[in-house]
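See structure below.
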Number of protein chains: 2
Amino acid sequence: MPNRKTGRSAKDRLLDAAERLFAKRGYHGVSIRDITEAAGVDVAMVSYHFGSKRALLTAVFERRAEEINVERLERLEATRRGRGRLDLEQVVNSFMEPLFERMARGGRGWKSYFALLAQVNNSPEFAVLMTRNFDPVVHKFIEALQSALPDADPRDVYWGYHFLTGALTLTFAETGRLDRLSGQLCRSTDSDGVRARFAPFMAAGFAAVARRRVGEAAAAPRRARR
Amino acid sequence: MPNRKTGRSAKDRLLDAAERLFAKRGYHGVSIRDITEAAGVDVAMVSYHFGSKRALLTAVFERRAEEINVERLERLEATRRGRGRLDLEQVVNSFMEPLFERMARGGRGWKSYFALLAQVNNSPEFAVLMTRNFDPVVHKFIEALQSALPDADPRDVYWGYHFLTGALTLTFAETGRLDRLSGQLCRSTDSDGVRARFAPFMAAGFAAVARRRVGEAAAAPRRARR
DNA sequence: TCTACTATTCATCAAACGTTCAATGAAATT
DNA sequence: AATTTCATTGAACGTTTGATGAATAGTAGA
């Protein structure tokens, strides 16, 4: 059952190849034959192991989702221990760190997976995959954000999360645009660089929106701070 | 030349239909026949007017880009007048407001365009379209951000812009995910809601990262290069 | 060794794909 | 009125698409 050369089963080889190609060219930009040729197996294997091309995408997506969900929850629980109010930046970190860690040390498979995530998250056709696979844990994360910002309007927290996940997925999209834009001063592959900046940026954003909203409701009609 | 019923030329009808369908299902998810049927013209018209399917995408993309670029620059210039240092939040606003305004009042065409933008921006295959059509103006915008944050490391400004554009494009992607996630408490279509939160969130993020970097540089040495 | 089951290959299907071509109508130019 | 240009049509090109059924190889248990 495992391939002679690689020791991996045809099913796994299909998942790997599909992951890589879907990430690079999108679901519709890749044919079943592209995938099976890259995996070194027969075309019929997709139907046999997964049932359809679409089901293969679902399988690719689900394969790594649970691992992320588990570690996100672990880290979130760890931030709860001890003190009273949750620390905002720590909550943000517990959400992003499982991704950054695998981006830095998880190999090509994880990188492709995140690039695929970016496309799925921004597509009306496939975004439901995000909802299905990640939103149960995202709800707990948003709860935690609300605890860290007890005075914030819930809508501010949702919008803040929305901004956060937009920034996060683009960071992993591997489009090379930031590299080109900055004349190679910044590298999308520089995971330490983004690691150092992401949580402070988002935490400050959350805090500012929550603050603005509170101040606005109390006294002045327009912004109080700047 | 213009269609009897609509008064629009076949070329324009093709651009409209392609814009709508590409936004909904992605470039590869739409066939030339899908587009020409929706536009009510013959299949051959794509080749005739644009040369190829790919060139049609390019044309769709370019059609509205210049209008955005012009207004972004106008608004940016307007923020320069008068005072000395540029106001960070105003700079961010000058960048996003042309989009928000058209999202709110620009009709279905503009909405589709922005949803397409979101997919293109997050795709390795097409992201070069963003570079080609928007980066000349983005460079000026980043210059302005740097003026508003004179002590910030340029890399912090680039990364901040990267986070900003990721959040911005997802906001326009019309995936419905935020709506589902928040139980319809937040609506992607609520342009006033995002308008009120976006610039404060991003401005605070920029400021926080710049601040952190400055404090850090004074005390502890960061890694040099790699 | 026979049996049952799983995994894989091969050949093939109808449908859809992007593109092209010769023909034609309508409009503008001469 | 004759001619040229532009826009559009309908049909077809060869290729690729996702999917499948029949046949074959491989494996494990009885």
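Sequence lines set the chain letters: A, B, ... in the order given, protein chains first and strands last, and positions in each chain run from 1.
- Mapping A/Ser31 and A/Asp42 onto DNA chain D via the closest heavy atom, the residue that lands nearer the 5' end is A/Ser31.
- Atom CG of B/Leu14 and atom P of D/dT9 are 10 Å apart (whole Å).
- Counting to the nearest Å, the P atom of C/dC17 and the CD1 atom of B/Ile35 are 10 Å from each other.
- Across the protein-nucleic acid pair, B/Arg8 atom CZ and D/dA7 atom P stand 16 Å apart, rounded to whole Å.
- Applying the salt bridge (Lys or Arg N to Asp or Glu O under 4.0 Å) rule to pairs touching residues 90-107 of chain A yields A/Glu67-A/Arg102, A/Glu71-A/Arg102, A/Arg75-A/Glu101, A/Glu97-A/Arg195, sequence neighbours excluded.
- C/dG18 atom P lies 10 Å from atom NE2 of B/His28, rounded to whole Å.
- Residues A/Val43 and B/Ser47 each lie close to DNA chain C; by heavy-atom proximity, the contact nearer the 5' end of the strand is made by A/Val43.
- Considering only the side chain of A/Ala44, C/dC10 comes nearest among D/dA19, C/dC10, C/dT19.
- Around the NZ atom of A/Lys53, the shell of radius 6.0 Å holds more than 12 heavy atoms that belong to other residues, nucleotides or ligands.
- Between the CZ atom of B/Arg33 and the P atom of D/dT16 there is a distance of 16 Å, given to the nearest Å.
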Just do the salt bridge (charged side-chain N to carboxylate O under 4.0 Å, His left out) check on A/Arg63 and A/Asp16 with the steps written out, would you?
CA-CA 10 Å; A/Arg63 177 165 63 150; A/Asp16 292 343; 3.0 Å; yes
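- Distance from the side chain of B/Asp34 is smallest for C/dC17 among the nucleotides C/dT8, C/dT20, C/dC17.
- One interatomic measurement links the two molecules: CE of A/Met45 to P of C/dC10, which rounds to 12 Å at whole-angstrom precision.
- In this model, the phosphate group of D/dT8 is approached by a side-chain N or O of B/His49 to a distance below 4.0 Å at OP1 or OP2.
- Atom-to-atom, CD1 of A/Ile32 to C1' of D/dA19 comes out at 7 Å; the value is rounded to the nearest Å.
- Looking at heavy atoms from C-beta onward, B/Leu181 lies out of side-chain contact with A/Thr131 at the 4.5 angstrom threshold.
- Between B/Arg54 atom CZ and C/dC17 atom P there is a gap of 19 Å when expressed in whole angstrom units.
- Of the candidate nucleotides C/dC21, D/dA19, C/dT8, C/dT8 has the atom lying nearest to any side-chain atom of A/Ala10.
- Side chain of A/Thr165 to backbone of A/His162: no donor-acceptor contact under 3.5 angstrom is found.
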